[in-house]
Enquirer: 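Below you will find the structure I want to go over with you.
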Amino acid sequence: MALIYKFIGTYEVLIYILLAIGGLFALRWLWQSWNEWREALYSLEKEFALRRVGQATAILTLITLLFCGEFIMASFVVPGLPASYFLTTPTLDLLATPTGTLSPESATPFVLAPPSGAGNGCVPGQVIITSPKAGSEVRGRIEIRGTASIPNFGFYKYEVAPLHADTWITIAAGRDVKVEGSLGEWDTTAIPAGDYQLRLVVVDNRGEAFPPCIIPVRVIPPS
């Protein structure tokens with residue numbers, strides 16, 4: 001169903017044009033059949049003409065119903081669906097490694113990330129993590145704070161991966177715009193201690209993701 005909804009929303013104008021062309025042909029056919037029925041002299045001619053009138057009326061009615069259905073779907077149903085409905089992403093609250101175990105690269109030296117906004121996708125006022133700070137140590141259950149506010153906002157999610165790896169695991173997600181607020185919590189005890197990268201991904205209502213904000217953090221054992 002997601003593909004159907006996406007097709008309806010994406011090609012709304014084209015669908016209207018095709019239905020309008022079909023409606024004009026059906027209306028023309030109805031007008032010609034009606035005139036033939038009025039001008040027919042014999043009962044058999046009238047019967048055939050009347051049958052064509054019925055067929056043209058049925059087609060015109062069908063096109064009208066399709067036009068109304070497209071209008072309702074494109075104007076009310078599709079805009080009301082969450083953007084995540086159109087994405088083929090994993091469950092947003094998933095916190096399990098898809099293959100193997102999520103292991104940190106303990107042998108890799110921990111390098112502090114560049115300041116926010118310096119080429120790492122963090123954009124103040126739009127997509128940024130303000131807490132924890134880049135390069136900080138975290139333990140136990142912590143609060144993730146920052147901003148997830150872009151034009152045509154759809155939803156946001158924050159994910160974790162071992163440092164220098166590309167195996168991202170979604171921690172949690174949200175559907176509300178956040179400006180210097182709480183994005184959610186992260187229970188760091190669910191993964192081994194070590195060096196990780198934390199990223200914030202913000203997606204618009206068309207399913208397009210902005211460049212993520214990525215910061216390095218070090219998970220330490222609970223005291």
Side-chain angles (χ1 to χ4, degrees), residues 82-84 87-223:
S84 57
L87 302 178
T88 56
T89 56
T91 304
L92 294 180
D93 60 355
L94 183 65
L95 190 55
T97 310
T99 56
T101 58
L102 186 66
S103 57
E105 297 183 2
S106 55
T108 305
F110 192 58
V111 181
L112 189 66
S116 297
N120 61 351
C122 300
V123 180
Q126 290 190 330
V127 184
I128 191 170
I129 298 173
T130 56
S131 179
K133 298 293 185 181
S136 62
E137 295 183 340
V138 296
R139 68 171 60 176
R141 184 179 293 274
I142 65 170
E143 182 184 29
I144 309 295
R145 297 186 63 84
T147 296
S149 177
I150 62 174
N152 302 314
F153 175 86
F155 72 97
Y156 70 86
K157 59 181 178 179
Y158 50 96
E159 303 175 314
V160 64
L163 193 65
H164 304 307
D166 198 29
T167 308
W168 294 97
I169 301 301
T170 300
I171 304 171
R175 303 188 187 280
D176 298 325
V177 172
K178 300 291 183 177
V179 178
E180 294 297 330
S182 175
L183 300 172
E185 293 187 338
W186 177 22
D187 184 5
T188 64
T189 61
I191 58 177
D195 297 335
Y196 292 89
Q197 47 188 345
L198 179 67
R199 77 175 181 181
L200 172 63
V201 181
V202 185
V203 183
D204 65 20
N205 55 20
R206 295 175 297 180
E208 299 292 335
F210 274 47
C213 175
I214 304 175
I215 63 170
V217 293
R218 171 168 289 171
V219 175
I220 59 177
S223 57

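In what follows, residues are counted from 1 in the order of the sequence shown.
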Enquirer: Measuring only between side-chain heavy atoms, which start at C-beta, is V127 closer than 4.5 Å to P211?
Expert: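 With C-beta onward as the side chain, the pair stays apart.
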Enquirer: In terms of relative ring orientation, are Y156 and Y158 parallel, tilted or perpendicular, with 30° and 60° separating the classes?
Expert: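 The rings of Y156 and Y158 lie parallel, inter-plane angle below 30°.
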Enquirer: State whether K157 and E159 are salt-bridged, where the test is any N-O pair (Lys NZ or Arg NE/NH1/NH2 against Asp/Glu carboxylate O) under 4.0 Å.
Expert: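 Salt bridge between K157 and E159, a charged N being under 4.0 Å from a carboxylate O: yes.
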Enquirer: Counting only N and O atoms by type, is there a donor-acceptor contact under 3.5 Å from the side chain of T188 to the main-chain atoms of G140?
Expert: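 Yes, T188 side chain to G140 backbone: donor-acceptor pair under 3.5 Å.
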Enquirer: Looking at CD1 of I128 and CD1 of I215, how far apart are the two atoms once the value is rounded to the nearest 0.5 Å?
Expert: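 If we round to the nearest 0.5 Å, I128:CD1 and I215:CD1 are 9.5 Å apart.
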Enquirer: For the pair L198 and I144, evaluate side chain to side chain contact (heavy atoms under 4.5 Å, CB included) and give the outcome as yes or no after the intermediate values.
Expert: CA-CA 10 Å; L198 179 67; I144 309 295; 3.8 Å; yes
Enquirer: Find the distance between CZ (F210) and CD1 (I150) and round it off to the nearest 0.5 Å.
Expert: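 F210 atom CZ to I150 atom CD1 measures 4.0 Å (nearest 0.5 Å).
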Enquirer: Going from OG on S136 to CZ on R218, what distance comes out if it is rounded to the nearest 0.5 angstrom?
Expert: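 The OG atom of S136 sits 11.0 Å away from the CZ atom of R218.
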Enquirer: Give the minimum heavy-atom separation between I214 and C122, together with the two atoms involved.
Expert: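 That closest heavy-atom pairing would be N-SG, 3.8 Å.
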Enquirer: Regarding R206 and E208, does a basic nitrogen lie under 4.0 Å from an acidic carboxylate oxygen?
Expert: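 No, this pair does not count.
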Enquirer: Taking all non-hydrogen atoms of both residues into account, name the closest pair between T167 and P162 and its distance.
Expert: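 What the structure gives for the nearest pair is O-CD, 4.0 Å.
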Enquirer: Can a donor-acceptor pair be found, under 3.5 Å and without considering hydrogens, that links the side chain of Q197 to the backbone of A165?
Expert: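 Checking the backbone N and O of A165 against the side chain of Q197, a donor-acceptor pair under 3.5 Å is found.
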Enquirer: Say whether, by atom type as modelled, one donor and one acceptor occur between the side chain of T147 and the main chain of E180 under 3.5 angstrom.
Expert: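 A pair under 3.5 Å: yes.
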Enquirer: Take R145 and S182, measure what side chain to side chain contact (heavy atoms under 4.5 Å, CB included) needs, and give me the verdict at the end.
Expert: CA-CA 4 Å; R145 297 186 63 84; S182 175; 3.9 Å; yes
Enquirer: For I129 versus C213, what's the shortest heavy-atom pair and its separation?
Expert: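 Looking at all heavy atoms of both residues, the shortest contact is N-SG, 3.6 Å.
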Enquirer: What pair of heavy atoms forms the shortest contact from V138 to P132, and how long is it?
Expert: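 Distance-wise, the nearest heavy atoms are CG1-CB, 3.8 Å.
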Enquirer: Does V160 form a side chain to side chain contact (heavy atoms under 4.5 Å, CB included) with V217? I'd like the steps, not just the answer.
Expert: CA-CA 10 Å; V160 64; V217 293; 5.9 Å; no
Enquirer: Flag the pair P216 / D195 as yes when at least one side-chain heavy-atom distance between them is below 4.5 Å, and no otherwise.
Expert: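 P216 vs D195: side chains apart.
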